[in-house]
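Each ligand, and each atom within it, is numbered from 1 in the order the structure gives. It should be emphasised that the depicted structure is a prediction, and the values quoted were computed from it without experimental measurement.
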Amino acid sequence: MSMTRIYLSAPHMGGQELENVREVFASNWIAPLGPALNAFEARLSAYTGVAHVTGLSSGTAALHLALRLSGVGPGDAVWSPSMTFVGGVAPILYQGAYPVFLDCDATTVIDLDLLEAELEIAAREGVLPKALITTDLYGLMPDQRRIEALRAKFGFIWISDSAEALGSRIDGVHAGKGADFVVLSFNGNKIITTSGGGALASDSPALIERAMFLATQAREPAPHYEHATWGYNYRLSNVCAAIGLGQMDVIDERVAQRRAVHDRYRAELGQLPGLTFMDEPSGHHANRWLTTITVDPATAGTDRETIRLALEAANIESRPLWKPMHMQPAFEQYRYIGGTVCEALFERGLCLPSCSSMTEVEMDRVLAALFDVLPAAGRS
Ligand SMILES: *Cc1c(COP(=O)(O)O)cnc(C)c1O
């Protein structure tokens, strides 16, 4: 264990962040709200093409606000992929609504054929969801045009959980563009970070204005504290936004670096039996936040867990894919629609170290550890 640990996804500063934070200190804008936050929101809007953005304390807070602004409440169904991170579904319960989980396709995003068939059934039975959450898992995206068409036909509110997908595009269109709400996250493990933070984006100015209002305790314009409704303390601090501004200077570089990591794994491991990478459909340009593989034990000669433990023994972090929500004790009472695709992805899937800051030497170390544990690589 003498070698330094290689992480799945570590923060990677661009260089300007500390100077930006110094400026915040010099001007004493040590508060939520301030010029750095305004500038960060403007940068995010320009980059994603989504007209209005509000910076928040987390992606989970952004999703919570999206659901509240969608009018989701007790008795409402919200459909979501089962394979996701808990922060991408827990706010459904904050609102007293209930989740319905759907299976994914082979690339880990929601299965749109299944979704369409189930929406047809739900429409006949009069139980359509109030809102649909789609999740751009590991930076891969579902076909957004098709979701727009389904929304036009069935009339749900579309929330795009793009927490893992800043920088992902289809034919130049950014992840989430066209959704009613787009959720972003700048947690420490995401492609860029503010140390902790998130954002909610929408093309509707009224919705984002309302989101900002709710995120600052729903204070009515009055000299005293006046509240016609209650809100939250959810804004991103100006200090954290200063970090985010520095990170936005390098976002395209970060996407290119993560994609290069992915390409190297593919070039070195892509021919080995039993290992499968997630392909980008044509026109897609994923940020490849994390490179994931599935391991078929029948042909790979080893299994996911053996590989994970071998990497761990070499002081290299890797992880199974997200455990599906319908398999979680906290969510198992809710309905799950689908087959065993996400269950199999959980059983066989592994997230590989994908840091944008990974050096050639570190990458060689990860690959050497993988070659050692993969019989077909001919080294063991
Ligand atoms: C990270 C993440 C979130 C939540 O973001 P936080 O900023 O950590 O609250 C939500 N959904 C998905 C898919 C995520 O990966």
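- Ligand 1 places these atoms under 4.0 Å from at least one heavy atom of Ser185: 1 (C), 5 (O), 6 (P), 7 (O), 8 (O).
- Heavy-atom distances between Gly197 and ligand 1 reach below 4.0 Å in at least one pair.
- Taking every non-hydrogen atom of Ala163 and a distance limit under 4.0 Å, the qualifying atoms of ligand 1 come out as 2 (C), 3 (C), 10 (C), 11 (N), 12 (C), 14 (C).
- Of the possible polar contacts, none joining the Thr302 side chain to the Leu374 backbone as a donor-acceptor pair under 3.5 Å is found.
- Taking the six-membered ring where the residue is Trp, the centroids of Tyr94 and Tyr232 are separated by 6.0 Å or more.
- The shortest side-chain heavy-atom distance between Thr54 and Leu65 does not fall under the 4.5 Å cut-off.
- Below 3.5 Å of separation, one finds no N or O of Phe85 facing any N or O of ligand 1.
- At least one N or O atom of Glu164 sits closer than 3.5 Å to an N or O atom of ligand 1.
- Within the listing of ligand 1, atoms 13 (C) sit less than 4.0 angstrom from a heavy atom of Thr135.
- For ligand 1, the atoms sitting less than 4.0 Å from at least one non-hydrogen atom of Ser58 are 7 (O), 9 (O), numbered in the order shown with element in parentheses.
- With 3.5 Å as the limit, one finds a donor-acceptor pair spanning the side chains of His326 and Glu343.
- Using a 30° and 60° split on the angle between ring planes, Tyr47 and His174 fall in the perpendicular class, above 60°.
- Of the candidates Asn187, Leu137, Asn189, Val86, it is Asn187 that places a heavy atom closest to atom 8 (O) of ligand 1.
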Discussion item. As a quick check of understanding, evaluate side-chain hydrogen bond (donor to acceptor under 3.5 Å, both in side chains) for Arg68 and Thr229, giving each step before the final call.
Written reply: CA-CA 12 Å; Arg68 169 119 180 232; Thr229 184; 2.9 Å; yes
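- In this comparison of Asp161, Leu63, Asp136, the heavy atom closest to atom 12 (C) of ligand 1 sits on Asp161.
- Close approach of ligand 1 to Thr60 (heavy-atom distance below 4.0 Å) involves ligand atoms 4 (C), 5 (O), 6 (P), 9 (O).
- A perpendicular orientation is assigned to the rings of His64 and Tyr234, their planes being inclined by more than 60° (bins at 30° and 60°).
- A salt bridge is defined here as a Lys NZ or Arg NE, NH1 or NH2 lying under 4.0 Å from an Asp or Glu carboxylate O, and Glu148 with Lys177 fails to meet this definition.
- The ligand atoms of ligand 1 that sit less than 4.0 angstrom from a heavy atom of Lys190 are 1 (C), 2 (C), 14 (C), 15 (O).
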